[in-house]
Amino acid sequence: MADVDTLIEGPVLTLVINRPDKKNSLTSAMYQTLSDGLQTLQERDDLRVGVLRGSGPDFCAGNDLFDFAAPGDPEAPVTSFLRGLAEAAKPLVAAVNGRAVGVGATMLLHCDVVHLSTDAELRFPFVDLGLVPEAGSTLLLPQLAGRRRAASALLLGRPVPAADALWWGMATDVNDDPDAAASASAAALAAKPPQALAATKRLLWGDRTSLLQQMSVEGSVFAKLLAGDEFAAATERFRSRRS
Ligand code: COA
């Protein structure tokens with residue numbers, strides 16, 4: 001069974017994270033499908049907009065804690081997925097229901113339009129896991145929200161409820177039906193003149209060299225910590241939390 005569904009409807013390519021029994025946590029195979037989807041979006045002229053969604057009540061519980069590769073490892077599908085997000089030339093829209101944890105939250109920082117459900121909550125528990133944040137979030141989150149708020153989310157690991165995420169500039173809006181809102185945003189974007197749209201996205205993001213550099217630095221620290229005692233202890237705590 002595919003744990004990520006790639007749907008193409010007219011000019012819109014939608015990637016649905018579809019592993020609800022594991023809270024849509026992401027395995028290497030799933031990153032590969034997500035990365036392939038972003039590449040298809042990039043390559044096909046008839047596709048104008050990418051949409052990210054999760055299946056079930058929660059958007060994504062982050063990386064599968066038992067199938068972890070360091071972002072930045074050139075062989076790892078997570079690396080090509082994150083790079084695909086960071087280099088996306090076409091607009092990306094996200095529909096977020098419920099919890100978005102770890103990479104489930106950091107991937108949203110690369111999206112141009114983010115619709116959150118009223119019960120959505122973003123969590124960045126990297127430090128508690130003995131890791132560092134990835135996906136350029138140590139650069140993108142302070143840019144969006146300010147360093148003080150970024151420290152609350154990234155150092156203290158405080159969950160960010162939807163209303164705060166909106167106030168902090170991490171979301172476009174909060175509403176009862178983020179899936180419908182994402183479909184409407186995608187349709188609106190797809191109807192716009194594509195060259196002007198792509199040029200405006202390029203201008204909005206500017207030169208992404210420093211973002212890619214930050215992702216690479218995060219990746220090397222992450223790799224070191226992934227092999228360390230603090231991460232091993234955190235995964236053991238998660239594994240044994242119900243026993
Ligand atoms: N990796 C692997 N499995 C995960 C997972 C993850 N990141 N997140 C959830 N799951 C699995 C659980 O092990 C459980 O599987 P089981 O039914 O076979 O035991 C199932 O998904 C449901 O999770 P559960 O914890 O029972 O759901 P919940 O509603 O009580 O809590 C979360 C949901 C997301 C808050 C909680 O699962 C969690 O904290 N997950 C880890 C998040 C995380 O640290 N991600 C990595 C960030 S870098």
Side-chain angles (χ1 to χ4, degrees), residues 1 3-4 16-34 52-73 76-79 81-82 85 94-110 116-141 150-162 164-165 170 178 214-215 217-243:
M1 189 189 93
D3 288 331
V4 173
V16 185
I17 306 171
N18 187 9
R19 197 189 179 209
D21 55 322
K22 297 288 181 187
K23 300 286 170 191
N24 292 335
S25 54
L26 296 171
T27 60
S28 291
M30 292 165 75
Y31 283 121
Q32 188 60 57
T33 310
L34 290 166
L52 292 166
R53 301 179 193 278
S55 170
D58 291 294
F59 178 67
C60 172
N63 204 112
D64 186 306
L65 283 166
F66 309 108
D67 180 8
F68 234 123
D73 172 352
V78 61
T79 303
F81 169 58
L82 295 179
L85 285 177
V96 180
N97 288 288
R99 287 165 289 199
V101 186
V103 73
T106 57
M107 73 170 82
L108 302 176
L109 302 171
H110 295 268
L116 300 182
S117 63
T118 46
D119 70 343
E121 187 180 79
L122 312 187
R123 296 189 192 181
F124 304 83
F126 298 97
V127 170
D128 290 332
L129 289 169
L131 298 171
V132 287
E134 31 61 315
S137 56
T138 55
L139 182 71
L140 294 175
L141 189 53
S152 166
L154 300 183
L155 290 180
L156 282 168
R158 285 194 186 145
V160 184
D164 287 354
M170 295 161 72
Q214 186 80 356
M215 288 169 67
V217 174
E218 288 171 349
S220 17
V221 185
F222 196 106
K224 210 182 279 172
L225 291 173
L226 196 57
D229 298 348
E230 292 176 353
F231 177 69
T235 47
E236 191 42 45
R237 274 197 305 279
F238 185 72
R239 198 193 299 273
S240 57
R241 71 200 188 289
R242 287 216 192 89
S243 51

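The model shown is predicted, which means the values in this text are computed figures rather than measured ones. Counting starts at 1 for both ligands and their atoms, in listed order.
- The closest heavy-atom contact to atom 28 (P) of ligand 1, among the options Arg19, Arg123, Lys23, comes from Lys23.
- Put simply, the side chain of Thr79 gets close to the backbone of Asp73: a donor and an acceptor are under 3.5 Å apart.
- No donor-acceptor pair closer than 3.5 Å links the side chain of Glu134 to the backbone N or O of Phe222.
- Residue-level proximity to ligand 1 for Leu65 is carried by backbone and side chain together, each with a heavy atom below 4.0 angstrom.
- The aromatic rings of Phe231 and Phe68 sit perpendicular, their planes meeting at an angle over 60°, well past the 30° parallel limit.
- Under 4.0 Å from ligand 1, the heavy atoms of Leu129 that appear belong solely to its side chain.
- Residue Ser25 touches ligand 1 through its side chain alone, judged by heavy-atom distances below 4.0 Å.
- The closest approach between any non-hydrogen atom of Asp21 and ligand 1 is below 4.0 Å.
- Short contacts between ligand 1 and Arg99, defined as distances under 4.0 Å to a heavy atom of the residue, involve ligand atoms 29 (O), 31 (O), 33 (C), 35 (C).
- Taking only nitrogen or oxygen atoms, main chain and side chain alike, Ala61 reaches within less than 3.5 Å of ligand 1.
- With hydrogens and angles disregarded, no donor-acceptor distance shorter than 3.5 Å links the side chain of Arg99 to the backbone of Asp58.
- No side-chain donor-acceptor contact under 3.5 Å links Ser25 to the backbone of Ala61.
- Side chain of His110 to backbone of Ala135: a donor-acceptor contact under 3.5 angstrom is found.
- By heavy-atom distance, the residue among Lys22, Glu121, Arg239, Glu134 lying nearest atom 21 (O) of ligand 1 is Lys22.
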